[in-house]
Amino acid sequence: MFADDAFPSRVRSPWLVARLGAALGVAITVCFLTGLLSHLHQHPVAWLPLPADPAWGYRLTQGVHVATGLASIPLFGVKMWSVYPHLFSWPPTRSLVHGLERLSVGLLAAATGFELITGVLNLAHLYLWSFLFPVAHYAVAWVVVGSVLLHLAVKWPVIVEALRRQDPVEVDHDPSGEVGDGAISRRTLLLATAGAATAVTVTTIGQTLRPFGWSGLLAPRSPADVPGGIPINRTANAAGVATRAEAGDYLLHVAGPRPRSFSLADLRALPQVEVELPIACVEGWSATGVWGGVRLRDVLDLCGVDPGATVRTVSLESDGLYASAEVPPAFARHPATLLALRLGGDALSLDHGYPVRLIAPNRPGVLQTKWVSRVEVL
Ligand SMILES: Nc1nc2c(c(=O)[nH]1)N[C@H]1C(S)=C(S)[C@@H](COP(=O)(O)O)O[C@H]1N2
Ligand SMILES: [Mo]
């Protein structure tokens, strides 16, 4: 179909592809495992209860999830570039097995591309398909893992052989002269790709690591310029709760054997606690605040709620993905889990969840319900 010299670069080679693949394999594995953890936080299963300690755990794992995902973009791009001429090989298949192998590679490429694109759109806060994102991003992650494993199994001998070959030096002295004059060497390309992956990471971790705050070029939600130092994810107006939150007749309804409704004054009259805890968003940004308020467990105890119960915080917000969240017992009973009334010593701002918001250690921001109006017992 194409002439032999349609893709002249000699930089493409098993040597390069195997090294890119190894780096991509590590990044994808770490990204998958941290993503799985994030999924388990949001969809808890009884047989694998997650701990509420350390408080910074989710901040770290989700930061790593986003960083490895972003680093995969240049790795994936260069890897695709280095193998795409095979797309045009003719005849397209030599045998049934070869055809299946090519199909699996196509699936791997499509699924990986989907994950990277949806992940980046999510970071950019383009929830064009807000209900679809978590479901699709999670489901397709399994397709990636399955097709990576298949790909590894099929290519294992080729990979081992290519990784063993140490020195690509003969390429730099390719008799065709291509590499010598003007074209870049494989080694240079590999270094450039590593550099790009590092650059992408450094320009985004600024949204989580304050010392890197200057570098948050690609980070849409740098906390530096927000009141209280905590970015606002969804404003009260966007959530349609501003009027109800400020109405003045606020009551927190708590279920249990002795159900009770607490006014703001009731909550302020209970023992007050201050904790330093991060909001760690699934999007990879995180920021620490000093939160003040009442312990959730104190309120649950007042209502006679079983210490082993999972509870659910429900927002004034009537719909929206994050209008409610489950709080498994390890979190509900943790001494640092608050129904927060204050941030940084001041009354909670409307956008941070006034009058009352949940703040708990070691879990995704999506589960830190703002404008809590009810606590249900599951
Ligand atoms: N009711 C409600 N609570 C919510 C949300 C929301 O959309 N509605 N967004 C969540 C998300 S995704 C995050 S990251 C945190 C952010 O809290 P902040 O806006 O105070 O920083 O709030 C969480 N609580
Ligand atoms: Mo979030």
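Ligands are counted one by one from 1 in listed order, and the atoms in each one are counted from 1 as well.
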Trainee: Step by step, would you call Ser13 with Arg186 a side-chain contact (heavy atoms from CB on, under 4.5 Å)?
Mentor: CA-CA 8 Å; Ser13 73; Arg186 293 168 187 170; 3.3 Å; yes
Trainee: Is a salt bridge present between Glu317 and Lys370, judged by a nitrogen-to-oxygen distance below 4.0 Å?
Mentor: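 Judged by the 4.0 Å cut-off on N to carboxylate O distance, Glu317 and Lys370 do not form a salt bridge.
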Trainee: Using heavy-atom distances only, which candidate in Glu317, Arg234, Arg357 approaches atom 22 (O) of ligand 1 most closely?
Mentor: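 Result: the heavy atom closest to atom 22 (O) of ligand 1 is in Arg357.
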Trainee: Indicate yes or no: at least one non-hydrogen side-chain atom of Trp371 is less than 4.5 angstrom from one of Arg357.
Mentor: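 Contact flag for Trp371/Arg357 side chains = no.
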Trainee: Just which atoms of ligand 1 are under 4.0 Å from any heavy atom in Ser315?
Mentor: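 Ligand 1 atoms under the 4.0 Å threshold to Ser315: 1 (N).
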Trainee: Below 4.0 angstrom from a heavy atom of Ile232, which ligand 1 atoms are there? Numbered from 1 as shown, please.
Mentor: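 Listed by number with element, the hits are 19 (O).
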Trainee: Could you tell me whether the side chain of Arg312 reaches within less than 4.5 Å of the side chain of Arg374, counting heavy atoms only?
Mentor: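 They are not in side-chain contact.
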Trainee: Just let me know how Pro231 lines up against ligand 1, side chain, backbone, both or neither, with a heavy-atom cut-off below 4.0 Å.
Mentor: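 The answer is the backbone of Pro231.
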Trainee: Under 4.0 Å from a heavy atom of Ile230: which atoms of ligand 1 are those, numbered in the order shown and with their elements?
Mentor: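 Within the 4.0 Å cut-off of Ile230, ligand 1 contributes 21 (O).
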Trainee: With atoms numbered from 1 as shown, which atoms in ligand 1 lie under 4.0 angstrom from a non-hydrogen atom of Trp285?
Mentor: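 What qualifies from ligand 1 is 14 (S), 21 (O).
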Trainee: For Ala239, is the nearest heavy atom under 4.0 Å from an atom of ligand 1?
Mentor: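 The answer is no, since Ala239 has no heavy atom less than 4.0 Å from ligand 1.
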Trainee: For Gln368, take its heavy atoms, then give the atoms of ligand 1 lying under 4.0 Å from any of them.
Mentor: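 That gives atoms 22 (O), 23 (C), 24 (N) of ligand 1.
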Trainee: Do you know which of Val294, Val375, Val299 makes side-chain contact (heavy atoms from CB on, under 4.5 Å) with Phe262?
Mentor: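 Only one of Val294, Val375, Val299 forms a side-chain contact (heavy atoms from CB on, under 4.5 Å) with Phe262, namely Val299.
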Trainee: Is the count of non-hydrogen atoms from other residues, nucleotides or ligands lying under 6.0 Å from Trp56 atom CH2 greater than 12?
Mentor: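 No.
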Trainee: Taking Ala109's backbone N and O only, do any of them form a donor-acceptor pair with Thr112's side chain (distance below 3.5 Å, no angle check)?
Mentor: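 Pair absent, no side-chain N/O of Thr112 close to backbone of Ala109.
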Trainee: Distance under 4.0 Å to a non-hydrogen atom of Trp371: what atoms of ligand 1 satisfy this?
Mentor: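 Those atoms are 1 (N), 2 (C), 8 (N).
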Trainee: Check for me whether Glu283 has a heavy atom closer than 4.0 Å to any atom of ligand 1.
Mentor: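 Checking ligand 1 against Glu283, which is what was asked, there is no heavy-atom contact under 4.0 Å.
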Trainee: Taking only Lys NZ, Arg NE, NH1 and NH2, and the carboxylate oxygens of Asp or Glu, determine whether Asp249 and Arg244 approach each other closer than 4.0 Å.
Mentor: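 Between Arg244 and Asp249 there is no salt bridge, as every charged N stays at least 4.0 Å from the carboxylate O atoms.
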Trainee: For ligand 1 and Asn233, I'd like to know whether there is a polar contact (N/O to N/O, distance under 3.5 Å).
Mentor: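 So ligand 1 has an N or O lying under 3.5 Å from an N or O of Asn233.
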